[in-house]
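Scroll down for the structure; my scribbles are underneath it.
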Amino acid sequence: MKEYFKNVPQVKYEGPDSTNPFAYKFYDADRIIHGKPMKEHLKFAMSWWHTLCAGGGDPFGSPTMDRSYGESSPMAIAKAKVDAGFEFMTKMGIEYFCFHDADIAPAGESFAETKDNLNKIVDYIESKMKETGIKLLWGTSNCFNHPRFMHGAGTSCSPESFAYAAAQIKNALDATIRLGGSGYVFWGGREGYETLLNTNMALELDNMARLMHMAVDYARSKGFKGDFYIEPKPKEPTKHQYDFDSATVLGFLRKYGLDKDFKLNIEANHATLAGHTFEHELCVARINNAFGSIDANQGDPHLGWDTDQFPTDVYSATLAMLEVIRAGGFTNGGLNFDAKVRRPSFEFDDIAYAYISGMDTFALGLIKAYEIIDDGRIDTFVRERYAGYESGIGKEITDGKATLESLEEYTLTHPEPEMKSGRQEYLESIFNSILFK
Ligand code: XUL
Ligand code: CO
């Protein structure tokens with residue numbers, strides 16, 4: 001069997017003092033943290049598209065990375081990607097992957113041929129999964145790249161495009177179910193609009209929900225027990241993306257009765273594009289029982305687009321892992337690196353360095369989040385900050401017994417409210433003292 005990541009050895013944990021670039025410094029897969037091995041807390045996944053397909057092209061430059069794997073026919077390239085992907089995951093100790101239909105198999109001359117290509121590659125992936133024990137985290141369908149989706153997929157003005165998307169989703173669901181995936185993602189690639197001058201927003205949203213209901217009905221009829229996810233993103237590619245952020249998506253899911261089947265797949269860079277922090281989006285999902293999965297990456301604060309960089313910010317990863325822990329951890333979801341190496345990082349080794357750095361960042365995030373919880377000072381502060389709601393007038397409010405009249409009576413008979421400091425700077429210093437100890 002051909003080896004693609006030739007310089008990459010079996011990557012192991014060597015500890016923080018190691019200078020071996022092909023070793024984990026913090027990710028120790030089997031180390032037990034709060035009763036569970038790190039790998040179960042983190043459930044790392046490889047994104048097929050960025051890792052095996054993306055060639056580094058941008059609007060100003062052609063690809064810098066050869067992703068043909070020494071093959072020339074589209075099906076041979078697709079098969080080689082399977083070999084390269086499973087070699088990479090095995091060497092890295094990554095136990096899950098995620099894919100779009102279009103990343104794993106090439107389009108054919110007709111829909112029937114595309115379907116046939118997909119089935120052949122799914123057969124091959126299935127055999128590799130059996131051989132290695134590697135699992136599918138989630139599947140999805142690319143209903144945004146092809147010109148037939150220029151007006152959207154579920155939200156297209158063209159019923160033919162809607163039908164095409166539905167057909168594609170059916171096959172992507174079949175592939176996901178066959179490969180034992182525990183999730184299926186809807187990222188609304190072109191589900192949005194540029195101008196209201198040509199847009200019937202009400203019909204577009206109703207139709208997007210109709211497509212999702214069809215997907216749920218079909219997958220459940222085929223025995224799919226996993227989660228559906230919407231992955232919020234505010235802009236790019238369309239000006240007004242319908243799935244702007246977690247709160248917007250929750251409103252949509254509830255309006256259309258989809259909230260029982262759908263959770264959220266939160267992507268860090270999408271959160272920052274929406275003007276939120278990553279942890280804000282995770283928290284909104286968590287407190288609405290809709291936390292599902294994560295697309296880990298980071299943006300650049302100086303750039304206003306989805307740079308999909310590998311995450312290196314331990315501060316942000318710690319705040320994110322606090323939310324994951326508070327949500328009870330991953331069940332069907334996991335931590336997919338929806339991230340790509342920079343255009344000049346064109347060698348296969350760079351992909352391994354990128355994953356090592358990203359996995360170490362989240363391993364540290366997990367360790368530090370539990371240290372913050374075990375330390376207890378921040379949680380105690382928050383509990384005490386709201387302690388007023390545990391008795392007296394506060395309890396009457398939370399018990400639903402207070403009325404405007406009773407609160408007016410209270411205010412007339414009591415002195416001006418006494419304020420306490422929010423102590424943000426003190427809490428930030430605790431956070432840093434734990435992060436850097
Ligand atoms: C796009 C993005 C997608 C989804 C899956 O920004 O994040 O790759 O994760 O379609
Ligand atoms: Co994503």
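A quick note: this is a predicted structure, and the numbers were derived from the prediction, not measured. When a ligand or atom number is given, it counts from 1 through the structure's own listing order.
- Ligand-side atoms of ligand 1 in range of Trp49: 8 (O), range being under 4.0 angstrom from any heavy atom.
- Numbered from 1 in the order shown, with element, the atoms of ligand 1 that lie under 4.0 Å from a heavy atom of Asp306 read 6 (O).
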Side-chain atoms of residues 430-437: list all donor-acceptor pairs with protein atoms under 3.5 Å, sequence neighbours left out, distances to 0.1 Å.
unit_1 : atom_1 : unit_2 : atom_2 : d
Ser433 : OG     : Ser429 : O      : 3.4
Ser433 : OG     : Ile430 : O      : 2.8

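- In this structure, His270 is part of the shell of residues with a heavy atom less than 4.0 angstrom from ligand 1.
- For Asp206 and Tyr256, the side-chain atoms include at least one donor-acceptor pair closer than 3.5 Å.
- Taking only nitrogen or oxygen atoms, main chain and side chain alike, Asp295 reaches within less than 3.5 Å of ligand 1.
- Using modelled atom types and a 3.5 Å distance limit, the side chains of Tyr124 and Asp83 yield a donor-acceptor pair.
- A salt bridge links Arg286 to Glu323: one of the charged nitrogens lies within less than 4.0 Å of a carboxylate oxygen.
- Looking only at atom types and distance, the side chain of His270 has no donor-acceptor partner in the side chain of Asp245 under 3.5 Å away.
- A salt bridge links Glu95 with Lys39: the distance from a Lys NZ or Arg NE/NH1/NH2 to an Asp or Glu carboxylate oxygen falls below 4.0 Å.
- Within the protein, the N, O or S atoms sitting under 2.8 Å from the Co ion (ligand 2) are Glu231 OE2, Glu267 OE1, Asp295 OD2, Asp338 OD2.
- The cationic group of Lys135 lies under 6.0 Å from the six-membered ring centre of Tyr96 and within 45° of the ring axis, placing it in a cation-pi geometry.
- Checked for salt-bridge contact, Asp28 and Lys12 miss the test: no charged N lies under 4.0 Å from a carboxylate O.
- Screening Lys235, Gln241, Glu236 for a side chain to side chain donor-acceptor pair (under 3.5 Å) involving Thr238 leaves a single residue, Gln241.
- Considering backbone and side-chain N/O atoms, Trp138 never comes within less than 3.5 Å of an N/O atom of ligand 1.
- Atom 10 (O) of ligand 1 has its closest protein heavy atom at His100 NE2, 2.7 Å.
- At least one N or O atom of Asp338, backbone or side chain, sits closer than 3.5 Å to an N or O atom of ligand 1.
- Residue contacts with ligand 1 for Glu231 involve side-chain atoms from C-beta outward but no N, CA, C or O (heavy atoms, distance under 4.0 Å).
- Between the side chains of Gln298 and Asn269, not a single donor N or O lies within less than 3.5 Å of an accepting N or O.
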